[in-house]
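The structure under discussion appears below in the form of structure tokens.
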Protein chains: 2
Amino acid sequence: MQEIEQVLSFMVEIEKLKDVHRKTKPVGLARYENSAEHSWHVCLSALMLQQYANQPVNIDRVIKMLLIHDLGEIDAGDTIIYATETPENKALELAGIKRVMALLPAGQAEQYIELWLEFEAGASNDAQFAKAIDRVPPLLHNLHGEGHSWKANKVTKEQVFKVNSRIAKGSKPLWELLEEKLQAAIDEGLLK
Amino acid sequence: MQEIEQVLSFMVEIEKLKDVHRKTKPVGLARYENSAEHSWHVCLSALMLQQYANQPVNIDRVIKMLLIHDLGEIDAGDTIIYATETPENKALELAGIKRVMALLPAGQAEQYIELWLEFEAGASNDAQFAKAIDRVPPLLHNLHGEGHSWKANKVTKEQVFKVNSRIAKGSKPLWELLEEKLQAAIDEGLLK
């Protein structure tokens, strides 16, 4: 197969991410979000929030990380952030991203697998910021959607604060603002 | 409102792109594609096809263009590529992107409106490549989906070739490969 045809096969394969369903509904919509539209949303959100990163970030790398961050879910499926990440699931996601990237012409996959691993490790400035942004949309979906996913999944305020306070590792001002909004949600009885 | 809160308002507003429906169905899916997941798909596709651009491109700018290229559709809706672009519709899209970008903190909108206008003009290397990539997924959807959208919208092979041969302005090898696939679709009776 010619190399450019391999990229078209990749383009067709990644269509499957449009059928991986997440655990929250986009604001105003009655259906659940899929991981492809989520990926777009966090890329554009990261671009517009870059000035609030704790440390200097390379926004172009952050966007590339976020473009590919969920590709492993084509094989592994989506897991709610409040579930314990099992080694089995992480291994499935890694195998998944390797399988999908292997569709690309020789030599093209490695850099993106590295970037995915960097995101997963969450240690670099770019990864910490990318991971922080990735956590924001489900909060907005719940805050603007009557806490639907918190309620459906019996997520407690303690869990929400514990898991999402990690947003502060990527952006302190972002977490501070969200903390206020979460506190208001508790006061309104949306989050218990 | 504090500036970071303005970005959160933007994040909530752009959720609406997930409810703008296009005219083709993703490969393997029974539903129509939305413009948010499409935007993700073309960003990642551009990244992986960058080496086939006719002219050197700044892939980071191309990706940013593609992240925002459909935001005007929140107000204007999606138009099939085979419909004549009316000045009225383009004006609606420009007004739409200006409205959405105006939600951002002062000074942040202008650069993205410029980038959107550059994409629309289609004159720069980056815009020609971005526009070429933007045209590919509907072809793949039809080629892998029994020509469903060509049939539903009574699109002829002459229209398909006329509109999509512009892909060659951004990437000659990409258009040459697609031309072969379209010819095969004609031979199979998918495209008439």
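Chain A is the first sequence line, chain B the second, and so forth, proteins listed ahead of strands; every chain is numbered from 1. Since the structure is predicted, the reported quantities are computational estimates derived from the model, not experimental observations.
When heavy atoms are compared at a cutoff of 4.5 Å, K64(A) approaches chain B solely by way of its side chain, counted from C-beta outward. For I63(B), the part sitting under 4.5 Å from any heavy atom of chain A is the side chain, from C-beta outward, and nothing else. Residue contact with chain B, scored on non-hydrogen atoms closer than 4.5 Å, involves the side chain of L29(A) exclusively. Proximity to chain A is limited to the side chain of Q2(B), based on heavy atoms less than 4.5 angstrom apart. Looking at I14(B), the atoms closer than 4.5 Å to chain A (heavy atoms on both sides) sit in the backbone and in the side chain alike. Using a 4.5 Å cut-off between heavy atoms, L67(B) touches chain A through backbone and side chain atoms alike.
Remark: K162(A) NZ is loosely packed, at most 12 non-hydrogen atoms of other residues, nucleotides or ligands lying under 6.0 Å away. Enclosure of atom NZ in K90(B) by more than 12 non-hydrogen atoms of other residues, nucleotides or ligands within 6.0 angstrom is indicated. Few gaps surround CD on Q111(B); more than 12 heavy atoms of other groups in view lie less than 6.0 Å from it.
Taken from CZ in R31(A) to NZ in K18(B), the straight-line distance is 8.0 Å, to the nearest 0.5 Å.
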Donor-acceptor list for residues 44-54 of chain A side chains, cut-off 3.5 Å, not counting sequence neighbours:
unit_1	atom_1	unit_2	atom_2	d
S45(A)	OG	H41(A)	O	2.6
Q50(A)	NE2	L47(A)	O	3.1
Q51(A)	NE2	Q108(B)	OE1	3.0
N54(A)	OD1	K172(A)	N	2.7
N54(A)	ND2	A168(A)	O	2.7
N54(A)	ND2	K169(A)	O	3.1

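Comparing K181(B), E37(B), H38(B) by heavy-atom pairs within less than 4.5 Å of chain A, the highest count is held by E37(B). Contacts with chain A were tallied for E3(B), K16(B), H141(B); H141(B) has the most, counting heavy-atom pairs under 4.5 Å. Between chain B and the options A36(A), S35(A), S39(A), the largest number of non-hydrogen pairs under 4.5 Å is found for A36(A). Interface remark: of the candidates L177(A), L140(A), L66(A), L177(A) forms the most heavy-atom pairs closer than 4.5 Å to chain B.
E180(A) has its side chain out of reach of E5(B): every pair of non-hydrogen atoms, C-beta onward, lies at least 4.5 Å apart. Using a 4.5 Å heavy-atom cutoff, the side chains of L8(A) and V136(B) are in contact. Side-chain contact between V7(B) and L174(A) is absent, with no heavy-atom pair separated by less than 4.5 Å. Under the 4.5 Å side-chain criterion, counting only non-hydrogen atoms from C-beta, E15(B) is not in contact with K25(A).
Hydrophobic clustering, with ILVMFWY side chains joined whenever heavy atoms are under 4.5 angstrom apart, groups L104(B) together with I59(A). Note on I4(B): it clusters hydrophobically with I167(A), by side-chain heavy-atom contacts below 4.5 Å among ILVMFWY residues. V42(B) is connected to V163(B) through a chain of hydrophobic side-chain contacts under 4.5 Å among Ile, Leu, Val, Met, Phe, Trp and Tyr, so both are in one cluster.
Every residue two or more places apart in sequence or in another chain was checked for a salt bridge (Lys or Arg N to Asp or Glu O under 4.0 Å) with D134(B), and none qualifies.
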